[in-house]
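Chain naming here is simple, since letters A, B, ... match the order of the sequence lines and numbering starts at 1 in each.
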Amino acid sequence: MTDPLLRLVDLKTHFQTKGVGLFGEKKVLKAVDGVSFDIAQGEVLGLVGESGCGKSTVGRTLTHLEKTTSGQAFFEGREFLSMTPHKFRPLRREIQMIFQDPFASLNPRLKIEQTLGEPLFIHGLCKTWNEARSKIAATLERVGMDPKIMSRHPHEFSGGQRQRIGIARVMILQPKLVIADEAVSALDVSIQAQFLNLIKKLQRDSGMSMLFISHDLGVVRHISDRVAVMLAGKIVEIGDKHQIFEAPQHEYTRKLLNSIPRIAIGKEA
Amino acid sequence: MLAYTVKRLFTLIPTLLAASILVFLFVHLIPGDPAAILLGDTATPEEIAQLSAEMGFDRPLWIQYFLWLGNVLQGDLGISIFFREPVLAVIGSGAETSILLASMTMFWIILIGLPIGVLSATKHGTWVDQITSSGAMLAASMPTFWLGLYLIMIFSVTLGWFPSSGFPSLSDDGGITNLRYLILPSLTLAAPNAALIVRLVRASMLDVAREDHVRTARAKGLHPARVTIKHVFRNALIAVAAAFGFTFAALISEAVVTETVFSLPGIGRLVVQSILRRDYPVIQGVILVIVVLYMIINLLVDLAYARLDPRVSLK
Amino acid sequence: MALLEVENLEIAVSTQRNLLPVVQGVSFTVDENETLGIVGESGCGKSLTSLAIMGLLGTSPVRITGGSIHFDGMNLLALSERERRAIMGNRMAMIFQEPMTSLNPVYRIGDQIVENLRQHQNLSHAAARDRSVELLSLVRIPDPSERIDSFPHQMSGGQRQRVMIAMALSCDPKLLIADEPTTALDVTVQKEVLDLMADLQSRMGTAIVLISHDLGVIAETCDKVAVMYRGKIAEAASTADLFAELLHPYTRGLLNSIPVVDRDVEWLEAIPGRVPTLEETLTGCAFQPRCELATELCACEAPQTTQFKPGHSVQCHFAGQDRS
Amino acid sequence: MNTLIFLRDAFAGRKLATAGFLWLCLIVVAAIIAPLVAPFDPLEIDPVGRLTEPGWPNLFGTDHFGRDTFSRAIYGARMTVIIGVGSVLVALFCGGLIGMISAYFTRLGHFLMRAVDVLMAFPALLMALVLITLLERSVVNTVLVIGIVYATTTARILFGMTLKLKGETFIDAAVCSGAGNSSILFRHILPNLLSPLLVQASFIFAFAQLQAAALDFLGLGLPPEVPSWGNMLSEERIYITRAPWLLIYPGMLIVVSVFSMNLVGDALRDSIDPRFKDDIAGV
């Protein structure tokens, strides 16, 4: 087999925090401290862990939102963490990100079509607004929204609708890798289920790969092919989802699984 | 807390140095020979030559700066053109008035501003709130000198309750009763600043009242007054303390005007008169003193802030 | 008579134009040593119900417009403000969702517990402080005699929630209201906090009203459950009965929406659509626009609460029926 | 269109603020058509008709040069608008640019904000006085000086607000879409700052009037012959007992105008994004 779509080698992202000592000595927060994994073409890797374990930082580092301290990441064999912003820009089309908070992830001042059209023009996928609008309409339909809404502003939509628009912004570029950072955590259960189905469907249809970051083990099991469990900046266990959920090896994975409240359904309870 | 204090002191030094450079450059930005500017129109060429040599005006600017800074650190701010006295002594003669005026004003600001602010916040949305908060805004919209002139007209000229101008020292005849000279000026100066504090206390109390921990306090079954004072007002003080530095800056600015209106022999009037007299050594000296003073006040405000908010000093 | 009896509780929010009902006809009872779980999605009125019981709606635009709340034989809504305060934090206490912000950042945690104790008990400061140390060790805070002088920001989220619990339990309340107490916490911490609450309940006999959006949390910790949807109780029963036979299509939909860790489901059976907003006026059943069983009857007539089985009530015209 | 809705919402149910807004509109109109409505030349001296009481034809009476106070007051509106608008423009442009750029480009920003800190070590009026000493008395210089003084606070405020916006998820999202620096700054950040900037502008407008009046009073503001409300107060202050109307009218005009501007700013502030409320220094 050829190279995986994404290969991450010993990624470290450290943050300088201001110290409190007399001279404000810098302290180092090792948010991500040596993470390696591969994501194959069309594969969904779930990254699960508790708050502060560094799982979001992995996603943010891969999209250049945080500076890498050390380590490498290869996309289709090309190292991209060390690229300049200018060099990295074409790759942004291929590596897209879905954010957690549907209320914060859309610019309140821009119309939906402006938000969705911007990446099309940046990456030269469209020349005219007519072209862009037809692409936007098609993408909105794919995520289950009425194309007519493109001339409206974000505040006119509910959280669920905004998250659909957020997903549309990602899908419109037809990326090869999508990083979903707690993409469904802010949603109520009944809406969350709609989204999990939608994301799964989009992923299957387009054959894209995905890094699905979440604290919710149920969600991760539902959507992923493989799962990595993170603790304090490091991956403690990684493997096929059935192995992780049915025969966890690491003590921490077992602790996580045991902590989840369960519902006993039906008469046998 | 000690570590925090020392740390803040250290961060003060670069700002202070940068500000001193600006004050130093001031004289050099005025067109003409700096020595002639510092000595005034009546100076003889010999005097100018002597001062030029003393201050190194023929040498590079940065050497001049260090010569000047050296003098300043020894307390030598130059000689006033108008008074023919050392600048420090001229400033010192105005210090008593200004310090007393500032203290009395602060007294009014706290005495008037805090209670009215609390009242306005607790009566939020009622006519009491509307009157106090619009009244405060009105007070903050008045030119201080205009208010001062009318206070003089009403309380000095018509009613004769207070003297209209001047301030004999506390060590002169009358002693402590001489403070009555400062009652109108300090009230004038306090009005707009107390008004700002009223608005600030009100706004920050309303903000704090929405915070979750206030709900916790109410869930304890505490008396509403206790919740207001111990939980809302106490936490609102953090924001108020942070703004006290600004209040002090406004106070210095407005003292310039107030001292002029009431003809008080303070530092503020000295600034204006020196500008009108083109007494540059005094202008430079006063500005330096005020800037240093203002920074010290800001440091104290920061320390008070850190005391009020444990999240700042112990993290 | 039960310890807490809520009957036909109505809460409305007043807007500039009109009064919008947010809780309608909610009734339930809680006995001593019993845990009632109220579950529902955001905006269903569960938090407002808990605030109404506690008496914390206060002067906000949200207010009680009908019904009654009886606690320990007293009609809470008829009490004076002073009498009400004597109960709050004393015989009835509450913990909140946000452990990060629910403690006052400027006071040491010990002082905040002492404040609650001395408000209701005639204790010297020293005695109240000793008692606070005991309470902190009761909620398993390590080194309680040292941690008592910590400020809230020096503790983790889980520890802060333990402090909240210690504070709530300081006067041995008969009723503890917990509004999403573990939502902001990680699962492992959530388990510890829930275990702690269950343990304390078994020792002290406190009745608990647990508000949560998480069916799993409710199923594991509660004796009985009320499922709320847009201001009404859709279904209520003992936990065992409820999960043995889900009668309301919403409860069923909610359960099917949850991806579980123990088995694989290819596609989730999501409930279509979304919860109607408060401004949208509805005739008939509030769940009808999203319901697979809905008929014309559901669109015109709101279902009444019916006892489908003893102890298992439901608000649905087609309770217990399947799509087929 | 959005701005109109924003204004309508801000003033809804606020009678006092609406009255203030209308008053300001009146001032602007008076400033524009001053030559048409002023009954006399504001500079015309009449040695015979000195210190006449308000009446006909001198509605507000005359000053000690016999100049018509009413006409001077109307021309004073001109100065009010020029000083206000001018210093707002200077402050927002210089301060806004410095603040935004400092927040966005952190290295340069660190240096720039330290410089702003140093300037802020000079209390506002004092700084104005120092600058005035170096310049001549003129309308342009007064505008510049007041504008520069408030540019420092504006820079601080804009710095804080831009920093907050920079941390917003929608900015991250725009970055992930491939948007460049200028697009992020001017397309994504700036439009979100416009309404808070408007609020800040109204407060600066109000402060500027008070500062300008104080400078006039100290004899360091506008040239004495310029008919501004501050100059009117300053020149006639010794007649406060003999001809009180000379101080009442211009004084009240200043108070009402500044009060109106503060009311407007307050109303606008209550309707902007609550995140920015605490950043803006106003009354």
Derivation of the side-chain contact (heavy atoms from CB on, under 4.5 Å) call for B:Leu276 and D:Leu220: CA-CA 8 Å; B:Leu276 293 171; D:Leu220 295 165; 3.9 Å; yes
When you look at D:Phe122 and B:Val23, which way does the side-chain contact (heavy atoms from CB on, under 4.5 Å) test go after all the steps? CA-CA 10 Å; D:Phe122 296 83; B:Val23 174; 3.9 Å; yes
What verdict does the side-chain contact (heavy atoms from CB on, under 4.5 Å) test give for D:Arg114 and B:Thr15, after you've listed the backbone C-alpha separation in whole Å, the side-chain angles of each residue and the deciding distance to 0.1 Å? CA-CA 8 Å; D:Arg114 287 313 295 261; B:Thr15 320; 3.2 Å; yes
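Nearest heavy-atom pair across B:Met142 and D:Leu210 is C-CD2, 3.8 Å. Closest approach of B:Ser253 and D:Ala124 over heavy atoms only: OG-N, 3.6 Å. Closest heavy-atom contact between D:Met120 and B:Tyr294: O-CE2, 3.2 Å.
D:Asp266 has its side chain out of reach of B:Ser133: every pair of non-hydrogen atoms, C-beta onward, lies at least 4.5 Å apart. Using a 4.5 Å cut-off on side-chain heavy atoms (C-beta onward), D:Ile248 and B:Tyr150 make contact. Counting only heavy atoms from C-beta outward, the side chains of D:Leu263 and B:Met137 approach each other to under 4.5 Å.
Highest contact tally toward chain B, considering only D:Pro250, D:Gly251, D:Ala115, is held by D:Gly251 [criterion: heavy-atom pairs under 4.5 Å]. Comparing B:Leu22, B:Leu147, B:Val157 by how many heavy-atom pairs each has under 4.5 Å with chain D, the most go to B:Leu22. Comparing B:Thr158, B:Val291, B:Val198, B:Leu29 by how many heavy-atom pairs each has under 4.5 Å with chain D, the most go to B:Val291. Interface remark: of the candidates D:Asp117, D:Leu16, D:Leu215, D:Leu129, D:Leu129 forms the most heavy-atom pairs closer than 4.5 Å to chain B.
Open room surrounds NE2 on D:His110; 12 or fewer heavy atoms of other groups in view lie less than 6.0 Å from it. Counting non-hydrogen atoms of other residues, nucleotides and ligands closer than 6.0 Å to CD of D:Glu225 gives a total above 12.
Side chains of D:Asn262 and B:Ser141: a donor on one and an acceptor on the other come within 3.5 Å.
With a threshold of 4.5 angstrom between heavy atoms, D:Leu134 approaches chain B through side-chain atoms but not through N, CA, C or O. For a residue to count as touching a neighbouring chain, one of its non-hydrogen atoms must lie under 4.5 Å from one of that chain's; by this rule B:Val257 touches chain D with backbone and side chain alike. B:Ser134 touches chain D through backbone and side chain together, each having a heavy atom under 4.5 Å away. Only the side chain of B:Val271 comes within contact range of chain D, with at least one heavy atom under 4.5 Å from a heavy atom of that chain. When heavy atoms are compared at a cutoff of 4.5 Å, B:Asn298 does not approach chain D at all. In this structure, no portion of D:Ala206 lies under 4.5 Å from any heavy atom of chain B. Proximity to chain D is absent for every atom of B:Thr258, based on heavy atoms less than 4.5 angstrom apart. Of the atoms belonging to B:Ile283, it is side-chain heavy atoms, and not backbone ones, that fall under 4.5 Å from chain D.
Going from atom CD1 of B:Ile290 over to atom CE of D:Met127 covers 14.0 Å, rounded to the nearest 0.5 Å. Note that CD1 of B:Ile152 and CZ of D:Arg237 are 10.0 Å apart. Values are rounded to the nearest 0.5 Å. How far CZ of B:Phe145 is from CG of D:Leu247: 8.5 Å, rounded to the nearest 0.5 Å. Expressed to the nearest 0.5 Å, how far CG of D:Leu218 lies from CD1 of B:Ile275 amounts to 8.0 Å. Going from atom OH of B:Tyr280 over to atom OG1 of D:Thr133 covers 7.0 Å, rounded to the nearest 0.5 Å.
For the pair B:Trp146 (side chain) and D:Ile254 (backbone), a donor-acceptor distance under 3.5 Å is absent.
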